[in-house]
Amino acid sequence: MNEFLLLGTRPPTSGETSPARAAHDMAAVTAWHRWLRRWGLLRAFSLPQDRAAELRACLIVWASGPAAAQRLGVGWGRVTGYQVTVLPLLDGSAGKERER
Amino acid sequence: MSEEAEAALAAIFRTEWPRLVGAALRIVGDLQTAEDIVQETLLAAVDRWPLLGVPERPGAWLLTVCRNRARNLVRDTGRAQQRTLSLRPLLAGQAPADGEVREIADDQLRLIAMCCHPLLPTDAQVALTLRMVAGLTTEEIARGFHQGAATIAQRLVRAKRTLKEHRVAFADDDPDVAGRLPSILDVIYLVFNEGYLATTGGQLTRGDLAAEGHRLACLLTELTPDQPETWALRALLSFQLSRWDTRTSADGVLLTLDAQDRSRWNRELIDDGVHALARARNGERGPLLLQAELACCHATVPAFAATDWGAILALYDELQAIQDTPVVALNRAVAVAMASGPAAALPLLDKLTGDPALRHGHRVWAVRADLHHRLGDGVAALADYARALDLVSNDVERRYLADARQRAADQYRSRA
């Protein structure tokens with residue numbers, strides 16, 4: 001397993017939202033995060049101090065390889081509406097340690 | 001997150017939305033900017049709460065984020081000096097003090113008053129209230145009114161521009177709510193009715209709009225507890241909404257009062273209506289109070305047969321004396337038919353079918369068709385049903401009228 005950094009950014013103009021839509025979105029995002037935690041794939045997360053910054057959240061996730069990490073990125077982007085950038089963090093060493 | 005949790009979250013966001021818009025507007029002074037800030041606040045919650053958990057006091061969290069964002073924006077645009085003078089010290093993350101609670105309530109009231117500003121046409125007042133106070137998106141409003149999203153978007157943009165051009169200030173000391181109350185009540189009633197008596201389309205009711213109208217009426221009573229008229233509106237809408245689930249059958253057929261299952265009427269809403277009506281009776285006997293009294297007559301009797309049509313007719317007489325409109329006259333004619341028989345009401349209906357405000361709608365013809373039918377005049381009944389069917393635009397009502405006409409036709413055919 002390798003560590004990957006997922007950077008979620010939201011474009012400045014992301015359309016209108018309403019209370020009902022926000023609640024619905026949050027339910028979807030919460031369910032996705034719960035799934036990520038249940039499978040032990042979430043190593044850490046970080047949120048920017050400026051709540052209105054374009055960068056909205058960062059996740060450090062475990063994935064078997066770049067393709068799996070990309071799939072996680074796509075899933076995260078789908079539920080959050082973020083544009084997700086996926087970057088490899090370590091070259092497998094942390095994963096090996098974890099496997100031991 | 002379960003559906004229940006999502007609904008609870010939506011309820012929190014709905015409750016907080018007008019508070020947030022009011023708070024942001026107080027700081028930035030511009031409706032569009034305030035709306036953007038509130039959206040940004042909700043998005044911040046969507047970003048953070050799934051990872052950090054829902055805060056213990058979500059409303060306070062949202063309000064703090066919203067105000068901070070608004071203040072940052074004002075500061076960033078170099079207007080801090082002139083604005084901060086009017087700001088009270090706001091402590092991040094702390095429970096609002098009594099004075100602040102009052103300020104939040106005042107802000108919401110100012111917001112409603114601003115959305116119902118006399119400079120704006122009624123349709124713009126309705127759209128702006130739904131967007132800024134109820135938090136509905138342009139698309140949701142458009143869907144509710146069966147209009148294009150671009151039309152509603154233009155209406156909103158024009159309304160905001162008008163308010164801006166006329167420098168309609170938000171944080172005045174006197175929000176002139178009392179002076180603007182009639183138009184505020186009108187707007188809320190219009191929102192409710194558009195949902196409750198959908199004029200076009202395949203559904204008789206559009207739940208979201210009616211629920212929003214009722215919610216706004218409740219909010220208004222919380223903000224102006226000393227205004228009997230707001231209680232009258234709340235009572236009226238609570239009684240009407242209590243029958244919501246029983247107005248159509250499972251297969252979408254319209255059910256009139258006599259055919260509805262009263263055991264399924266919402267008791268909580270009826271109790272709320274009774275309570276609100278008691279508060280409303282402290283004021284003048286205006287049109288809203290009388291309509292609420294009428295709705296109460298229907299909502300609080302256990303069976304259709306027990307309806308006190310004499311009392312209902314007396315209330316319609318009173319209502320007609322102060323609001324002599326064709327619609328009131330039509331409803332009164334129905335009460336006459338129920339209290340004294342169809343023959344007594346027919347002359348009233350004959351007169352009303354000539355009224356320019358009614359003759360192009362289906363209701364007057366549908367009522368007269370029913371009276372003719374009850375009097376055994378098949379030819380006249382079928383002619384009026386045909387006329388009503390030509391004019392009706394709601395699919396559920398069309399189906400009801402078509403069934404009624406068919407039943408009448410079968411009956412006369414079998415007699416012949």
Query raised in the report: Ion pair present between R56(A) and E40(B), side-chain N to carboxylate O less than 4.0 angstrom?
Result: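 Salt bridge between R56(A) and E40(B), a charged N being under 4.0 Å from a carboxylate O: yes.
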**Report entry** Region of A8(B) that comes under 4.5 Å of a non-hydrogen atom in chain A
**Finding:**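 Answer is neither: A8(B) stays 4.5 Å or more from chain A.
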Query raised in the report: Under a 4.5 Å heavy-atom cut-off, does chain A meet the side chain of R14(B), its backbone, both or neither?
Result: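 Answer is both: backbone and side chain atoms of R14(B) are under 4.5 Å from chain A.
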**Report entry** Per-residue contact mode, T17(A) against chain B (heavy atom under 4.5 angstrom)
**Finding:**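 Interface part for T17(A): both.
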Query raised in the report: Does R48(B) reach the side chain of M26(A), with side-chain heavy atoms less than 4.5 Å apart?
Result: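 In short, these two side chains do not touch, never coming nearer than 4.5 Å.
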Testing the basics here: between [X] and [Y], what is the closest heavy-atom pair and its distance to 0.1 Å?
| X | Y | answer |
| --- | --- | --- |
| P19(A) | A134(B) | CG-O, 4.1 Å |
| P50(B) | R37(A) | O-NH2, 4.1 Å |
| A20(A) | A10(B) | CA-CB, 4.4 Å |

Query - Among the listed options N72(B), L51(B), L42(B), the residue most often paired with chain A at heavy-atom distances under 4.5 Å - result: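 Most pairs with chain A among the choices: L51(B).
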**Report entry** Between L136(B), V65(B), T41(B), the one whose heavy-atom pairs under 4.5 Å with chain A are most numerous
**Finding:**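 Most heavy-atom pairs within the cutoff with chain A belong to V65(B).
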Requested in this report: Please list all pairs passing the salt bridge (Lys or Arg N to Asp or Glu O under 4.0 Å) test where one or both residues lie in residues 123-136 of chain B, with sequence neighbours left out.
Outcome: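 Of all non-adjacent pairs touching residues 123-136 of chain B, those that pass salt bridge (Lys or Arg N to Asp or Glu O under 4.0 Å) are E16(A)-R131(B), E35(B)-R131(B), D123(B)-R155(B).
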Query raised in the report: Roughly how far, to the nearest 0.5 Å, is the OG atom of S18(A) from the CZ atom of F13(B)?
Result: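 So the gap between those two atoms works out to 10.5 Å.
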Query raised in the report: With a cut-off of 6.0 Å (strictly less than), are more than 12 heavy atoms of other residues, nucleotides or ligands near NE2 of H24(A)?
Result: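 No, the 6.0 Å shell around NE2 holds no more than 12 heavy atoms from other groups.
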Query raised in the report: W49(B) and T30(A): side chain to side chain contact (heavy atoms under 4.5 Å, CB included), yes or no, with the steps?
Result: CA-CA 8 Å; W49(B) 294 3; T30(A) 305; over 6 Å; no
Report task. Apply the test side chain to side chain contact (heavy atoms under 4.5 Å, CB included) to residues F45(A) and L52(B): give CA-CA distance (whole Å), side-chain angles for both, the deciding distance (0.1 Å), then the verdict. Result -> CA-CA 10 Å; F45(A) 67 85; L52(B) 299 170; 3.7 Å; yes
